[in-house]
Amino acid sequence: MKILVTGGTGYIGSHTVVELIEAGYEVEILDNLYNSQKSVLDTIEELTGVKPKFHEVDLRDAEALAGVFQDSNFDAVIHFAGLKAVGESVEKPLEYYENNVGSTINLLECMQEFGVHKIVFSSSATVYGEQDTPQYVETMTTGVTISSPYGWTKYFIERMLMDVAKSDPDFEVTILRYFNPVGAHPSGLLGENPNGKPNNLMPFVMKVATGEIPELSIFGNDYPTPDGTCLRDYIHVVDLAKGHLAALNHLQKGTQVYNLGSGKATSVLEIVKAFSEVSGRLLPHKIVARRAGDLPEFFADPSKAERDLDWKTELGIADAMRDTINYLQKSRGMEI
Ligand code: NAD
Ligand code: UFG
């Protein structure tokens, strides 16, 4: 089976490509390298013995995209490519709508034109917005209290995929709503390495560990949670990658939606403690004001994925911290 992976040199995409190749899939990667590096292809080869064919193409370039589909006979697409910085999306909403929604329109048009009908899409827990309870289940209404243009792009893409699957009975769509991906490949060769300023907690933790920034700013410790800091459902990126294989194996006509999370909530202070324990050094941190838009707590009800996809997380926070530190030491020159 031949899979086109958009955004395949990025953080989650590259880990998924490794799992796909190891499972015997043929993979081609499309990425514009906006937030990733070409050297990831060499790392994938080092890990799997296979260097996937690479298309340095921007999904917004419909002509170039058609060229990619023209030359290859894809069986399915896993669509990771997109911009993901929540704060930036508030400042530059049109860039987010153009890049995320516009790109996906081009991709779906190409898929229709070239008769490719299977797609797995990277959505986010952000589509749930604020709910009455912190544990999100797929049956909850989405799109009511989404807090950023980034979140709306995920919501609109979900809707588009559902509408396309309704209009064309050949389509097999699976939407995966990720919770908070963390960790790195256990080899220490692959991990999260964004270009420019990071947004999420772990890339900041990593920058503190490498000394690039002096201390982690914890956004608020006055939330109604046990230690006052926010609770999230952190999922190891290798577990998440394996969730994509499970989704590919269970594609069926119409649209399916799954949460990919652990079902457990961990606080920011617990992350700091876990990282400090594994590294053997207290991670410098300070409490600062709350970040606008943060919810005190949310985590997945992952039971639908467990039931239908036969998938569940196998790795925990300590594994994610160990693999992150291993990656920092092996690939980013950190000394501990
Ligand atoms: P990433 O930035 O590491 O990977 C995304 C890749 O897409 C990058 O390599 C980037 O260069 C590429 N890209 C962006 N726009 C493109 C375009 N127009 N054409 C071609 N390539 C383009 O991000 P990630 O963390 O691996 O996330 C992958 C997907 O998962 C994204 O859609 C993201 O929104 C979604 N997601 C991520 C998280 C998270 O916390 N990491 C959480 C929920 C959902
Ligand atoms: N945090 C800090 N300091 C930092 C960075 C983050 O204290 O330097 C805290 C945040 O306040 C939050 C927690 O760490 O409490 C996790 O923050 P992230 O930015 O890593 O993740 P979020 O839960 O805010 O964001 C995630 C996804 C987004 C999605 C969003 C809303 O990364 O894709 O959930 O559902 F849009």
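Order of listing sets the numbers, starting from 1, for every ligand and every atom in it.
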Among all the protein's non-hydrogen atoms, which is closest to atom 11 (O) of ligand 2, and how far away is it?
Asp294 OD2, 2.5 Å
closest protein heavy atom to atom 4 (O) of ligand 1 is Gly10 CA, 3.5 Å
Taking it one step at a time, do Gln135 and Thr133 satisfy side chain to side chain donor-acceptor pair (under 3.5 Å)?
CA-CA 6 Å; Gln135 187 169 29; Thr133 92; over 6 Å; no
Counting heavy atoms only, which part of Phe219 comes closer than 4.0 Å to ligand 2: side chain, backbone, both or neither?
both
Between Asn180 and ligand 1, which residue portion shows a heavy-atom distance shorter than 4.0 Å: side chain, backbone, both, or neither?
neither
In this structure, does ligand 1 have an atom that sits under 4.0 Å from one of the heavy atoms of His79?
no
When only distance counts, is Asn32 in polar contact with ligand 1, meaning an N/O pair under 3.5 Å?
yes
the protein heavy atom lying closest to atom 15 (O) of ligand 2 turns out to be Cys230 CB, 3.0 Å
re atom 17 (O) of ligand 2, the protein heavy-atom contact at minimum distance is Arg291 NH2, 3.4 Å
Which residue owns the protein heavy atom closest to atom 23 (O) of ligand 2, what's the atom, and how far is it?
Arg232 NE, 2.6 Å
the protein heavy atom lying closest to atom 13 (C) of ligand 2 turns out to be Tyr234 OH, 3.7 Å
Do any heavy atoms of Gly8 fall under 4.0 Å from ligand 1?
no
Around atom 9 (C) of ligand 2, find the nearest protein heavy atom and jot down its residue, atom name and distance.
Val268 CG2, 3.8 Å
Considering only the protein, which heavy-atom contact is closest to atom 21 (O) of ligand 2, and what is its distance?
Asn180 ND2, 3.1 Å
Using non-hydrogen atoms of the residue, decide whether Thr6 is closer than 4.0 angstrom to ligand 1.
no
Where does Tyr128 meet ligand 2, judged by heavy-atom distances below 4.0 Å: at the side chain, the backbone, both, or neither?
neither
How does Val86 reach ligand 2, by side chain, by backbone, by both or by neither, if only non-hydrogen atoms under 4.0 Å count?
side chain
For Ser122, the ligand 1 atoms whose distance to one of its heavy atoms is below 4.0 Å:
29 (C), 30 (O), 32 (O), 35 (C)
Side chain, backbone, both or neither: which part of Tyr223 has a heavy atom under 4.0 Å from ligand 2?
neither
Subset of ligand 1 atoms that lie under 4.0 Å from at least one heavy atom of Leu59
17 (C), 18 (N), 19 (N), 20 (C)
In ligand 2, the atoms that come under 4.0 Å of a heavy atom of Ile218 are 7 (O)
